[in-house]
Number of protein chains: 2
Amino acid sequence: MADAFSGTAPQLIDVARRAGVSASTASKALNAKADVNPATRQRVESAARELGYVPNAIARGLTGGRTGTVGVLTSDLEGRFALPILMGVEDALGIDRVLTFLCDARGDEAREKRLVDELVSRRVDGIIVVGKQTDPRPPIGRNLPVPVIYAYCMSDDPADLSISVDNAQAGFVAAQHLVDSGRSKIAHISGEAPHSASQRRTEGVQKLLANRGLELVQPPMYGDWSEGWGRAAAAILVQSGKEFDAILCGSDQIARGVLDSLLERGIAVPSDVAVMGIDNWVVLAENSRPALSTVDLQLQKLGRVAATRLFEASNGSKAAGVEYLPGSIVIRDSTIPRL
Amino acid sequence: MADAFSGTAPQLIDVARRAGVSASTASKALNAKADVNPATRQRVESAARELGYVPNAIARGLTGGRTGTVGVLTSDLEGRFALPILMGVEDALGIDRVLTFLCDARGDEAREKRLVDELVSRRVDGIIVVGKQTDPRPPIGRNLPVPVIYAYCMSDDPADLSISVDNAQAGFVAAQHLVDSGRSKIAHISGEAPHSASQRRTEGVQKLLANRGLELVQPPMYGDWSEGWGRAAAAILVQSGKEFDAILCGSDQIARGVLDSLLERGIAVPSDVAVMGIDNWVVLAENSRPALSTVDLQLQKLGRVAATRLFEASNGSKAAGVEYLPGSIVIRDSTIPRL
DNA sequence: CTGAAAGCGCTTACAG
DNA sequence: CTGAAAGCGCTTACAG
């Protein structure tokens, strides 16, 4: 392949001339439109290849069609949720050669507004808003000239479409796995009580237990989403003297703290007590001792679905409401010892 | 503020008409060019505000000037290095209202080439390549029509400009901190031997020790950048019977494994042995027991510097070679107990 | 200091 | 099936 960029980049007209056709015909040929003689199309394609022609997406975007760009507006780049979602978005968009503007509002509303303006100014084909919590949030704007999809978080405007995680189902399947593997005295340690993630997960846990005629050995313990809280809560639980054979944690970070705390107290996992997390934060889960069983929230898939829905919306779909994606169990050693 | 987008978005010509001037004058006024009557400028600015005018960046980009976009090409979105660098880039670019295309090549060369084409096609003002290792890598292309800066990794073409981490300095200051706080029998456990990060960090450690008339209690131990290796290496070290009062680890992950291993063996940190990491991966370092002293590699700053250099390059700077950024010590409890 | 005109590099009706 | 012309929404010499 010849170097496309020594000197000035070749333009459509250069390709057209080389193929002996007009610019309009070259354009149609290159864009796989109908009504072009196959032989002509071939000549144009060859010419483009020979010249190393790369179309100017800016000029193309001006014509009014798609710009082939999408904005991802996040408030949680530092957290661990945005990244897998972003990768899923890229997976889905890459197929159509769409590129992603990544904008981090850093939790600043004014900054978010400015970034929305910047995105609109660049005529993105759509915006995906990635929140740091599953709780509802105000929409980024009304009557925006581009479709908007909320991912992970959800918009509190029922006219918007949001794709989120099914927290209740995550809690449900986590509890199911514990009960199915023979546990019946389950304690539940979770994160910040006001978060819908805490509440919904607990609901799911309790629903499964009720289905099986069981209940938690004591009320759920809420704190924050940290290892420190996991350690503290486990210590409190052990000292309470309550009997338990499993701890279902609201997150992997909490679970890791719980594991360390149990280890320190000489309580064997999983033989004495099974421990389960939620998130499948791999670097944490795999390096726990023992490795942590957990629920994968399928965030990358969430990103792919969000991108797909955005594409559908830009094609006129008027879907609204919240679409919940189920998580799936990942079994490691903290619930079932490896053979 | 009126809703800018009910109906069709206002254009420059709408602003011009409302202000009673021509489009060219409106353009000059809005872009803070010279030679516009202050009163006229004011009228145009008011009109724009009243209409909620957001300029069409696509049209502006076509004119030939800047597009106000930059590409960040990474191969390591999953890793923990890309993210802080990305945030730094955004910090620096946001000031000039430049937006970032985030492209993850996923370590695939063909994909990387395609993404470079996509970026060029969108006429980005520059590209920042963020590598997953500090080792040299081949350039993403030759004679690209836009400036390119390498961040974290470096290009093996001496004509390119790369901004990287000063690994030798990081090792040096880590060792300095240990020696300054009274340690003299230092062991060194690091990551993959072939990585320049391992090699340079070790060199820095040895240089500081030599300056102080000391040497490592045994040859450096290399493995991989994981907690598992940290645990294994610490076990080997303890069982060797070698005396030591500090372990300098090549990364925070390794250090965390080391800490867990020492804890398990009843060796007190920091009273018996001080432990030090490198990276300042906060979620890991703060949740270690005790909290981990380490070296912050200043990745966010690295991102800011890369963006600044890109801006300079697009203004004609011909800077080349590698610019190394120093790390800085973060003292927590694993080397000095808190009072 | 202001405005008419040309142009950025494409795509899209429209006519042939 | 092909091409001349207009247009996308701006900016930039250039003339006044």
Side-chain angles (χ1 to χ4, degrees), chain A residues 4-5 8-45 47-48 51-69 97 118 120-125 145, chain B residues 4-5 8-45 47-48 51-69 97 118 120-125 145:
Chain A
F5 301 109
T8 47
Q11 303 182 176
L12 182 64
I13 189 65
D14 302 314
V15 175
R17 271 203 269 267
R18 176 176 262 254
V21 297
S22 70
S24 8
T25 300
S27 171
K28 284 169 209 155
L30 255 19
N31 290 296
K33 299 276 180 193
D35 296 335
V36 176
N37 185 312
T40 310
R41 183 190 306 280
Q42 287 235 345
R43 253 185 307 130
V44 174
E45 280 167 353
L51 255 30
Y53 172 65
V54 180
N56 183 330
I58 296 288
R60 180 180 289 181
L62 187 55
T63 306
R66 297 248 154 89
T67 53
T69 59
R97 331 199 103 214
E118 294 288 350
V120 168
S121 145
R122 284 174 179 76
R123 298 299 187 264
V124 291
D125 300 327
Chain B
F5 301 111
T8 47
Q11 303 182 177
L12 182 61
I13 190 65
D14 302 314
V15 175
R17 271 201 267 267
R18 176 176 260 254
V21 298
S22 72
S24 7
T25 300
S27 171
K28 284 171 208 152
L30 255 18
N31 290 296
K33 298 277 179 192
D35 297 334
V36 176
N37 186 312
T40 311
R41 184 190 306 279
Q42 288 234 345
R43 254 186 305 132
V44 174
E45 279 167 353
L51 257 30
Y53 172 67
V54 180
N56 183 328
I58 296 288
R60 181 181 286 179
L62 188 56
T63 305
R66 297 247 156 92
T67 53
T69 60
R97 331 200 102 215
E118 295 288 350
V120 167
S121 145
R122 284 175 180 77
R123 299 300 186 262
V124 291
D125 300 327

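Lettering follows sequence order; numbering is per chain, from 1.
- Backbone-only contact: B:N37 has heavy atoms under 4.0 Å from sugar-phosphate atoms and none from a base.
- Between A:V44 and A:R41 there is no side-chain heavy-atom pair separated by less than 4.5 Å.
- The interatomic distance linking B:I58 (CD1) with C:dG9 (C1') rounds to 13 Å, in whole Å.
- Put simply, CG on B:L12 is 5 Å from P on D:dC10, counting in whole angstrom units.
- When the side-chain nitrogen and oxygen atoms of A:S27 are compared with OP1 and OP2 of C:dT11, one or more of them lie within a distance under 4.0 Å.
- Spacing between atom CZ of A:R122 and atom P of D:dC8 amounts to 22 Å, rounded to whole angstrom units.
- Atom NZ in B:K28 sits roughly 6 Å away from atom C1' in C:dT2 (whole-Å rounding).
- Between D:dC1, C:dG9, D:dT11, one nucleotide has an atom nearer to the side chain of A:T63 than all others, and that is C:dG9.
- You'll find the side chain of B:N31 stays beyond 4.5 Å of the side chain of B:K28, heavy atoms only.
- Proximity of A:T40 to the phosphate of D:dT2: a side-chain N or O atom is located under 4.0 Å from OP1 or OP2.
- Distances were taken from every side-chain heavy atom of A:D35 (C-beta onward) to each of D:dG9, D:dC8, D:dT2; the shortest belongs to D:dT2.
- If you check D:dC1 for Watson-Crick or wobble pairing at under 3.5 angstrom, you find it paired to C:dG16.
- Distance, B:Q42 CD to C:dC1 P: 14 Å, rounded to whole Å.
- Of the listed nucleotides (C:dA4, C:dG9, D:dG3), D:dG3 has the atom at the smallest distance from the side chain of A:S22.
- For B:N56, no side-chain nitrogen or oxygen approaches OP1 or OP2 of D:dC8 to under 4.0 Å.
- Note: CG (B:N31) to P (D:dT12) measures 7 Å, nearest angstrom.
- Between B:P10 and B:L51, the shortest heavy-atom distance links the atoms CG-O, 3.4 Å.
- Closest approach of A:R122 and A:T69 over heavy atoms only: O-OG1, 4.4 Å.
- For A:Y53, a side-chain nitrogen or oxygen approaches OP1 or OP2 of C:dC10 to under 4.0 Å.
- For A:S24, taking side-chain heavy atoms from C-beta onward, the closest of the listed nucleotides D:dG3, C:dT2, C:dG7 is D:dG3.
- Using a 4.0 Å cut-off, no side-chain N or O of A:T25 falls inside it from OP1 or OP2 of D:dT2.
- The nearest whole Å value for the distance from the CZ atom in B:R17 to the C1' atom in D:dG9 is 13 Å.
- As a whole-Å value, the separation of B:L62 CG from C:dA6 C1' is 13 Å.
- Counting heavy atoms from C-beta outward, B:L30 and B:L12 have side chains that approach closer than 4.5 Å.
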